[in-house]
Amino acid sequence: MNYQWNWMIFWEEAPDGGGTYFDTLMSGMWFTLGTAGLAWLIALLIGTCVGVARTAPNKSLAKTATAYVELFRNIPLLVQLFLWYFVVPELLPTAWGDWMKGLPNAPLVTSVLCLGFFTSARVAIQVAAGINALPRGQMMAGTALGLTTWQTYRYVLLPMAFRIITPALTNEVAAIIKNSSVGLTIGLLELTARTRSMSEFSFQTFEAFSAATAIYIAVSAIALLISNLLEKKFVIPGFSAKNAGLAKAGGH
Amino acid sequence: MFDFDTDVIARSWEYLFLTGMAFTLKLTFIAAAGGIVLGTVLAMMRLSSKKIIALPASLYVNLMRSIPLLLVIFWFYFLVPYIGAWMTGADEPVQVGALSSCVITFILFEAAYFCEIMRGGIQAISRGQVAAGYAMGMTYGQTMRHVVLPQAFRNMLPVLLTQTIVLFQDVSLVYVLSITDFVGAASKVAQRDGRLVEMYLFIAVVYFVMCFGLSRLVGVLQKKVSIVR
Amino acid sequence: MIQLTNVNKWYGQFQVLTDCSSNVAKGDVVVVCGPSGSGKSTLIKTVNGLEPFQQGQIIVDGISVGDPATNLSALRARIGMVFQNFELFPHMSIRQNLTIGQTKVLGRSQDEANEKGLAYLDRVGLLAHQDKYPGQLSGGQQQRVAIARALAMDPIAMLFDEPTSALDPEMINEVLDVMVGLAQEGMTMMVVTHEMGFAKKVANRIVFMDKGAVVEDCQKEEFFNAPRSERARDFLAKIIH
Amino acid sequence: MIQLTNVNKWYGQFQVLTDCSSNVAKGDVVVVCGPSGSGKSTLIKTVNGLEPFQQGQIIVDGISVGDPATNLSALRARIGMVFQNFELFPHMSIRQNLTIGQTKVLGRSQDEANEKGLAYLDRVGLLAHQDKYPGQLSGGQQQRVAIARALAMDPIAMLFDEPTSALDPEMINEVLDVMVGLAQEGMTMMVVTHEMGFAKKVANRIVFMDKGAVVEDCQKEEFFNAPRSERARDFLAKIIH
Amino acid sequence: ETAPTNSAELTGTLKKIKSSGKITLGVRDASIPFSYLDDKQVHQGYSIDLCMKVVDAVRKQLAMPDLKVVMNPVTSATRVPLMANGTIDLECGSTTNNIERQNQVAFAPTSFISGTRLLAKKSSNIASLTDLKGKSVASTSGTAILKQLTALNTDQHLGMNIMPVKDHAEGFLMVETGRASAFAMDDILLASLAANSKQPNDYVITKEAISVEPYAVMLRKNDPQFKHLVDATFHEMYKSGQIKTIYSKWFTQPIPPKGINLNWPLSENIAAIFANPTDSGDPSTYAEVPQNQLNVLNKKK
Ligand SMILES: Nc1ncnc2c1ncn2[C@@H]1O[C@H](COP(=O)(O)OP(=O)(O)OP(=O)(O)O)[C@@H](O)[C@H]1O
Ligand SMILES: Nc1ncnc2c1ncn2[C@@H]1O[C@H](COP(=O)(O)OP(=O)(O)OP(=O)(O)O)[C@@H](O)[C@H]1O
Ligand SMILES: [Mg+2]
Ligand SMILES: [Mg+2]
């Protein structure tokens with residue numbers, strides 16, 4: 001191959017200020033983790049509410065929740081991000097639109113929101129699936145004790161549902177980390193964006209992409225490790241979530 | 001507010017659909033079909049009791065699942081010519097077009113995800129079913145072929161199709177190779193004519209309609225093929 | 001204490017309960033039996049409002065179950081229910097299973113709930129297992145815990161839905177024994193079961209259902225010795241072997 | 001026809017079977033019973049090689065099951081097996097369930113397999129249901145189909161693993177009746193069951209297991225009238241109520 | 001020049017072309033007017049016309065009149081690896097020739113010189129970089145401009161909010177929707193963006209240049225035979241004046257697809273490189289380099 005390898009490139013100064021290429025990539029990684037982390041909080045919060053709503057006895061509530069899920073999961077993330085950034089502010093009242101545009105960290109805020117909403121739809125699917133995987137009798141047993149519907153969800157159904165869907169949620173965490181790279185399209189300086197600009201500035205494309213690949217693998221491995229620890233911590237003696245047969249493994 | 005220029009869509013719909021959408025659908029179907037077949041093989045490997053068979057499969061799957069698709073597309077695009085040369089023994093890298101490269105990449109990548117779905121599906125079939133197959137005198141292959149896989153496949157059909165919808169959306173990432181899929185076609189027109197907002201809204205609507213329609217179809221189909229219990 | 005009057009229930013087009021009426025007085029032990037799918041579970045679940053019904057009236061301890069104004073949670077807290085599959089909460093220890101209803105519904109203090117719960121756990125002979133989780137107990141043990149959990153709420157009546165049909169044969173008796181004890185202490189009970197031995201021993205009335213209707217509702221002796229309906233005779237012949 | 005000699009089996013550290021020996025002659029009906037977890041299912045599954053074992057010897061019709069050179073598929077095709085949960089193939093119609101083994105394993109033509117399968121389906125009284133799917137039948141009907149499926153392979157012996165324990169009480173008899181008929185026609189059978197009525201009626205030998213060991217292996221009369229071991233007496237007391 | 005017809009004497013790219021019977025051009029989708037797709041999905045543009053001259057020369061030298069030309073679309077991320085692994089033989093886009101990039105690839109003689117300038121709405125009265133104090137400015141990610149803006153921002157304490165965007169069209173959209181006050185990019189690209197927009201007259205391009213960007217066709221490094229042929233072709237084209245026709249076809253006449261005229265007459269600087277062809281990666285060869293750019297260059301060394 002007609003290619004000049006230069007692994008020392010990482011220690012050369014990057015032209016966009018702020019230290020070496022290595023430093024740049026690291027700062028990209030923190031942006032990736034930060035974006036993914038914040039978006040995950042949103043996704044978990046909204047996803048749980050919407051997921052519960054999907055299983056609610058109230059038909060119209062369940063329908064609304066389903067509509068929410070369908071809306072957010074049927075449009076490619078890339079397109080959603082673009083719409084959030086360029087179209088939503090124009091559709092809002094001018095003052096709100098200007099406020100959105102004037103946010104100091106607009107790409108970060110937009111990416112977090114967009115990624116959060118997108119992932120919340122997928123989390124909602126998992127949460128609903130987890131609740132539905134529990135025997136119908138569990139809901140009945142809670143209600144028969146005199147617990148209200150809300151208390152039954154809070155104390156009986158959700159704790160079990162979350163244990164069952166932990167593997168699926170781990171996949172979603174891995175996915176949100178990887179998906180945060182779409183932020184680059186609106187100028188979020190996360191890992192992939194940093195990698196690309198490094199390859200553009202230096203033309204050492206392969207070194208840049210190797211580094212990014214290695215960082216992504218490491219981050220995923222750590223995420224997997226943490227989730228395994230969590231799974232161990234919350235394991236229920238005598239109960240195996242595998243029996244629920246629900247480690248649905250879709251998504252990216 | 002924008003003044004929407006809908007004319008740009010009318011001008012280019014042929015390119016958008018006959019070139020772009022046609023490619024997107026083609027790649028989606030080839031990758032889904034290939035991915036499911038390869039994924040099923042990987043799933044059976046992962047479930048094998050022999051470590052030498054299970055370990056490489058699970059390594060492969062976990063590796064694929066931890067790298068963003070964008071990077072995978074990139075790597076395969078540049079490395080496939082060398083893998084090809086290595087396999088055929090040629091001294092020049094084999095020229096692999098962007099399309100074949102995409103097909104190979106998506107099949108290999110999606111197989112990792114389909115593998116996990118099929119693995120879940122196979123594991124969910126009760127051990128009793130396998131025992132019943134064996135007890136009848138069926139071999140491992142026959143039990144898999146006639147008893148386990150048909151059931152796993154039908155049970156997992158909704159998830160497989162949901163994953164296919166994800167795949168359908170992910171095809172848009174081939175823009176890194178400058179291939180003209182639907183999103184690529186639309187954004188090329190958008191950039192050339194400076195009509196980004198109109199185009200992106202249009203893409204959103206088209207995707208929503210197609211994906212939503214598809215997922216409705218999945219529901220109908222599921223009722224048809226699902227096993228009477 | 002429990003009065004059912006012409007209860008009708010439909011699932012869509014399908015009528016599950018047709019004009020069911022019965023009356024359970026304080027201290028009664030009523031066994032409900034009948035072929036599979038005859039509506040036994042559905043009937044017993046309408047009593048504490050777990051299943052809504054469309055026509056008729058159910059009065060429990062003077063409160064109308066079907067009335068939209070009724071606070072169902074409060075009513076349910078006063079009626080214990082035991083399910084076929086135990087339905088203990090798998091993520092809670094046995095002790096937590098026994099106290100959650102008391103603290104969250106009755107508002108008892110944790111200490112009080114503990115004391116009460118453990119007393120009943122002792123009564124079903126499982127005090128030693130208070131820190132285990134449901135998955136670590138055998139089916140028979142789980143069902144006994146489920147009974148203790150219901151009793152800890154100080155119910156005025158107990159409903160049982162096939163409490164022994166998910167159990168291994170050797171475990172059935174340990175559960176039935178607890179239930180016999182309860183009956184003999186005067187607890188008002190409605191029990192869906194196929195265990196005719198239990199029925200013969202402690203029931204004072206038998207309700208026989210078929211296709212959603214109450215076909216017989218009579219004293220135990222009458223039912224076993226001279227069932228009036230063809231269907232009941234048929235059923236008894238099938239079930240006793 | 002089936003000889004077990006000092007069979008031992010471990011799951012990791014845990015010994016499931018300890019020195020199990022027995023002998024089933026042609027035409028014998030042997031009932032295997034014992035408490036839950038005592039190893040009954042495991043034992044019966046070693047007979048047709050569904051569970052491997054580590055020590056001892058099992059000879060079926062002159063063929064050693066434990067021998068790595070044995071073609072297990074061919075052996076299994078000659079022994080019918082019926083499971084607790086029926087294990088019909090839910091994605092195939094009843095007819096396909098009856099023919100799949102015949103065509104794929106025995107290499108019979110589709111027509112021949114059909115004819116044979118339907119003859120046995122008729123024998124268990126379900127000919128009218130040939131085009132339905134398992135999920136559309138009741139439990140008792142499914143188990144009868146499962147028996148017909150095994151019989152269609154022309155087995156030299158039949159193994160039953162708690163064939164009635166997943167059934168609603170009213171359906172147990174319809175399955176037991178089919179099994180009684182089989183026994184009376186001289187089929188060699190090993191039956192794991194808790195149905196002592198069935199055992200009394202048709203078994204000629206009872207094998208009682210506890211904790212992985214064969215505790216009693218004797219004539220039916222001896223077992224019911226004068227069980228030698230404490231454990232068997234205990235078990236009988238628990239199970240007959 | 002005598003054309004070696006015996007392929008045994010050929011090396012590098014020429015040998016590859018001879019044995020495969022085709023030459024592959026790396027082309028861009030939307031670099032107007034250098035290399036882009038028109039509405040009939042044909043790749044065309046200024047750089048492509050230049051590359052086709054090279055193709056003609058290759059045909060002649062290798063005596064392969066029906067040498068096949070393959071157009072292989074590339075992006076900024078793929079152009080280097082594809083050149084390195086032999087997928088493309090010439091990159092015909094709008095790639096800036098600079099010294100760092102010469103570590104990895106070689107360049108044909110420079111064929112265009114652009115300057116980085118700012119595009120802004122007329123109404124915002126932005127005439128130079130200093131007018132952007134405290135405002136947001138967008139630029140396409142991965143371009144050399146970003147690094148200059150960053151350096152300038154710190155050196156001159158401008159306090160600008162620098163926003164990278166995915167592509168040029170999006171950069172323009174940032175200005176159009178008011179998310180950014182200005183879009184910093186190569187002037188010729190800015191001109192074509194403005195010309196294609198809904199209200200071309202709403203926008204201005206500043207006079208002050210931030211940097212000098214020489215564009216050139218890219219080829220593989222360490223391939224003297226092919227480099228020689230490419231150089232000779234360009235020299236011939238420049239000397240004969242053919243280049244003037246090609247230039248005016250793309251820069252001063254209406255171009256497909258919409259028949260817009262960029263009105264970008266030949267500047268003195270560009271005329272100078274046609275007179276004295278060079279492939280230098282040093283911007284000062286081409287024009288007076290703005291102090292800004294010099295600062296950045298010096299810092300690098
Ligand atoms: N959610 C439901 N939707 C529609 N039909 C139902 C539903 N639940 C129960 N049924 C039907 O109502 C009828 C009565 O059911 P129910 O569970 O009360 O019977 P059962 O007498 O308790 O039977 P088993 O002995 O099998 O428990 C059955 O035919 C059943 O199929
Ligand atoms: N795959 C396995 N791994 C480890 N232990 C097992 C496994 N399968 C069964 N066992 C254990 O082996 C013992 C015997 O199991 P087996 O299923 O043969 O009992 P059984 O007599 O058939 O009981 P039951 O009446 O409940 O069916 C049990 O203690 C069980 O927990
Ligand atoms: Mg019931
Ligand atoms: Mg068993």
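Values below: all heavy atoms of this structure, side chains included; hydrogens, waters and symmetry mates excluded. Bear in mind that the values here come from a model prediction, so they are computed numbers and not experimental data. Chain identifiers are assigned alphabetically (A, B, ...) following the order of the sequence lines, protein sequences preceding nucleic acid strands; residue numbering begins at 1 within each chain.
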*Asks:* Between A:I217 and chain B, with a heavy-atom cut-off of 4.5 Å, which part of the residue counts as in contact: side chain, backbone, both or neither?
*Replies:*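 Its backbone and side chain both get close to chain B.
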*Asks:* So which part of B:L214 gets closer than 4.5 Å to some heavy atom of chain A, the side chain, the backbone, both or neither?
*Replies:*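 It is neither, since no heavy atom gets under 4.5 Å.
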*Asks:* What's the shortest heavy-atom distance between B:S215 and A:R73, and which atoms?
*Replies:*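 Of all heavy-atom pairs spanning B:S215 and A:R73, the closest is CB-NH2, 3.8 Å.
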*Asks:* Quick check on B:L71 against chain A: is it the side chain, the backbone, both or neither that has a heavy atom closer than 4.5 Å?
*Replies:*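 Side chain only.
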*Asks:* In Å and rounded to the nearest 0.5 Å, what is the OG1 to CZ distance from A:T213 to B:F74?
*Replies:*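 Answer for the OG1-CZ pair, A:T213 versus B:F74, is 8.5 Å.
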*Asks:* Could you grab the distance from atom CD1 of A:I75 to atom CD of B:Q169, nearest 0.5 Å is fine?
*Replies:*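 One gets 8.5 Å once the value is rounded to the nearest 0.5 Å.
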*Asks:* Between A:F86 and B:Y200, is the gap from one ring center to the other below 6.0 Å?
*Replies:*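 No, ring centres 6.0 Å or more apart.
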*Asks:* Measure the acute angle between the ring planes of A:F206 and B:F78, then classify it against the limits of 30° and 60° as parallel, tilted or perpendicular.
*Replies:*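 If you compare the ring of A:F206 with that of B:F78, the planes turn out perpendicular.
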*Asks:* May I ask you to test the A:F82-B:L196 pair for a side-chain heavy-atom distance under 4.5 Å?
*Replies:*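 Yes; the side chains approach each other to less than 4.5 Å.
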*Asks:* Given a strict heavy-atom distance threshold of 4.5 Å, which part of A:L71 is in contact with chain B: side chain, backbone, both, or neither?
*Replies:*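 Both backbone and side chain.
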*Asks:* Taking A:A223, A:S181, A:A212, A:S210 one by one, which has the highest count of heavy-atom pairs under 4.5 Å against chain B?
*Replies:*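 Ranked by contacts with chain B, first place is A:S210.
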*Asks:* Provide the closest heavy-atom pair for B:F208 versus A:E70 in the form atom of the first, atom of the second, distance.
*Replies:*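 Shortest heavy-atom contact: CE1-O, 3.5 Å.
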*Asks:* Check for a donor-acceptor pair, side chain of A:K178 on one end and backbone N or O of B:L70 on the other, with a separation under 3.5 Å.
*Replies:*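 The answer is no, because no donor-acceptor pair under 3.5 Å joins these two groups.
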*Asks:* Does CZ in A:F162 sit with more than 12 non-hydrogen atoms of other residues, nucleotides or ligands closer than 6.0 Å?
*Replies:*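 More than 12 heavy atoms, drawn from other residues, nucleotides or ligands, come within 6.0 Å of this atom.
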*Asks:* Any chance you could measure A:I222, atom CD1, to B:S66, atom OG, to the nearest 0.5 Å?
*Replies:*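 Spacing of CD1 (A:I222) from OG (B:S66) equals 11.5 Å.
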*Asks:* Above 12 or not: heavy atoms from other molecules or residues under 6.0 Å from CH2 of A:W99?
*Replies:*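 No, CH2 of A:W99 has 12 or fewer neighbouring heavy atoms, counting only those of other groups under 6.0 Å.
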